[in-house]
Amino acid sequence: MAKLKMTATVVSQAQLAEGIYDLRLKAGEIASQAVAGQFVSVYSKDGSRLLPRPISLCGIDREAGELRLVYRIAGAGTEEFSTLKAGDTVDILGPLGNGFPLKEGKKAFLIGGGIGVPPMLELAKELKRLNGAELVQSVMGYRNSQTFLMDEFKDCGSVYAATEDGSCGTKGNVLDAIRENGLDAEVIYACGPAPMLRALKAYAREKGIQCWISLEEKMACGVGACLACVCQSREKDEHSQVHNKRICKDGPVFLADEIEL
C-alpha cells in the first residue's frame, strides 16, 4: 500500500467535547486506500514544529474521498489543527501503519478508552457490513458524561459505556462494563491507554479469546525509520535485530500475545 503526502482541504470541523475535535478532510487518494485502524500524519504550518502529529482515522468515506479525524488537543500542534475551518488546507501523509483484521462470522468486542474511542468507529461500521449488527458489541470507556461518538456506535450494534465517575453506564472501566452486562465475545479489538490494554490482554488469555490491540504512542517519523516508537516483542525485529516492534510501521495494530505491555 503506497504512502502519499498530499495537501488536503478541510471540509468541516466541529467540537465534540471539551478538547475533542472532529475534523473532516478531502483526501481522495488516501481515502481510497485506507482501512480501519490506520492513521495519518498531519503537518503543522509552523516551521518550528518539524515533526507531524499522528492521528487515527475515525472515518473513511471512499465514495466522497473524505477522511474523518477525531482528536484531542494535546499540545501546540493539535491546538493549531483545532483552528482549521472549511476551505483551509493542511498537509498529510498516509495511510500509515496496518489495520484491524476483519474476522468473518465472529462475535466481537470493540473496546475503546478515551481518545482510543475514535478509531473503533470505522471498524464498527466495517464489521457491521461484514457480519451484521448483531455480532458487533462496542464497549467504550470515558472519564465522565462527555461520551463523544456514542450515538454513532449505536448505529452499528449494541453499545455499553463505562465512566470513571459513574455519570453514564457502568461506574468503573470497560471490563467492569463487560462483567456487569454479562457480555461475551469470540474476538476482541481494542485501542486505548496501556493499563486498559494490559487488562484486556490478561482477560483475553483467561477466556481463550483472540485479542487485537492498537497502541497509542508518540511518534516521530511515522514510517518506521527513526525507532522512536518501539515496543517490546516476543520475536526479533528484522530491521533492528532486537526484540522490539515499530508501532508506526509494524503496528499500530498487534495481536496482543505478540508484544509486552
Side-chain angles (χ1 to χ4, degrees), residues 1-100 112 114-126 146 148-149 152 191 214 216-226 228-229 246-249 251-253:
M1 186 180 293
K3 295 182 285 291
L4 302 169
K5 187 172 183 182
M6 62 176 293
T7 299
T9 301
V10 176
V11 176
S12 65
Q13 179 152 232
Q15 186 171 359
L16 299 183
E18 185 179 352
I20 305 292
Y21 286 80
D22 181 350
L23 177 63
R24 317 279 180 119
L25 298 174
K26 190 77 171 179
E29 296 94 328
I30 295 177
S32 67
Q33 300 183 55
V35 297
Q38 291 186 298
F39 67 98
V40 293
S41 285
V42 185
Y43 290 81
S44 168
K45 293 185 185 298
D46 185 336
S48 67
R49 300 179 193 132
L50 297 178
L51 297 176
R53 273 55 177 176
I55 301 179
S56 298
L57 298 177
C58 175
I60 304 163
D61 187 335
R62 297 175 185 88
E63 189 172 317
E66 293 180 10
L67 301 174
R68 183 183 186 188
L69 311 180
V70 173
Y71 63 95
R72 173 183 287 139
I73 293 178
T78 43
E79 177 78 47
E80 175 192 328
F81 303 153
S82 72
T83 66
L84 292 168
K85 58 186 183 302
D88 289 343
T89 60
V90 63
D91 288 340
I92 62 174
L93 174 69
L96 299 174
N98 61 355
F100 287 104
I115 207 60
V117 168
M120 307 311 293
L121 184 57
E122 178 63 25
L123 177 63
K125 293 176 181 178
E126 294 189 11
Q146 295 193 66
F148 56 93
L149 300 178
E152 294 185 60
C191 182
S214 178
E216 296 179 331
E217 184 62 61
K218 289 183 178 179
M219 299 178 188
C221 72
V223 295
C226 69
C229 63
R246 296 161 290 168
I247 293 173
C248 69
K249 178 79 171 179
V253 177

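We use all heavy atoms of the structure for the numbers below, so side chains are in, but hydrogens, waters and symmetry mates are not.
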Do you know the tightest heavy-atom contact between [X] and [Y]?
X      : Y      : answer
Ile60  : Ala31  : CG2-O, 3.5 Å
Phe100 : Ser214 : CZ-CB, 3.7 Å
Ile92  : Ala27  : CD1-CB, 3.9 Å
Val40  : Leu57  : CG1-CD2, 3.9 Å
Arg53  : Leu51  : NH1-O, 2.6 Å
Gln146 : Glu18  : OE1-N, 2.7 Å

Would the distance check show the side chain of [X] and the main-chain N or O of [Y] forming a donor-acceptor pair, the cut-off being under 3.5 Å?
X     : Y     : answer
Lys45 : Asp91 : no
Gln38 : Val35 : yes
Lys85 : Val10 : no
Asp22 : Ala14 : no

Using the rule given for side-chain contact (heavy atoms from CB on, under 4.5 Å), can you reason through Leu149 versus Cys58, listing the C-alpha separation, both sets of side-chain angles and the distance that settles it, and then say yes or no?
CA-CA 10 Å; Leu149 300 178; Cys58 175; 4.0 Å; yes
Nearest 0.5 Å, what's the [atom1]-[atom2] distance between [X] and [Y]?
X     : Y     : atom1 : atom2 : result
Glu80 : Thr78 : CD    : OG1   : 9.5 Å
Glu29 : Lys5  : CD    : NZ    : 15.0 Å
Thr7  : Tyr43 : OG1   : OH    : 11.0 Å
Leu93 : Ile30 : CG    : CD1   : 7.0 Å
Leu4  : Gln33 : CG    : CD    : 5.0 Å
Leu67 : Ser56 : CG    : OG    : 12.0 Å

Polar contact flag, side-chain donor to acceptor under 3.5 angstrom, Asp46-Ser48:
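Side chains of Asp46 and Ser48: pair found under 3.5 Å.
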Side chains of residues 69-76: which donor-acceptor partners sit under 3.5 Å, not counting sequence neighbours?
residue, atom, partner, partner atom, Å
Tyr71, OH, Gln13, OE1, 2.7
Tyr71, OH, Phe81, O, 3.3
Tyr71, OH, Ser82, N, 3.1

Around Gln15, counting heavy atoms of other residues, nucleotides and ligands shown, do more than 12 lie under 6.0 Å from its CD?
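Result for CD/Gln15: enclosed.
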Less than 4.0 angstrom from a charged side-chain N to a carboxylate O is my criterion; do Asp61 and Arg68 meet it?
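Looking at Asp61 and Arg68, the cut-off is not met.
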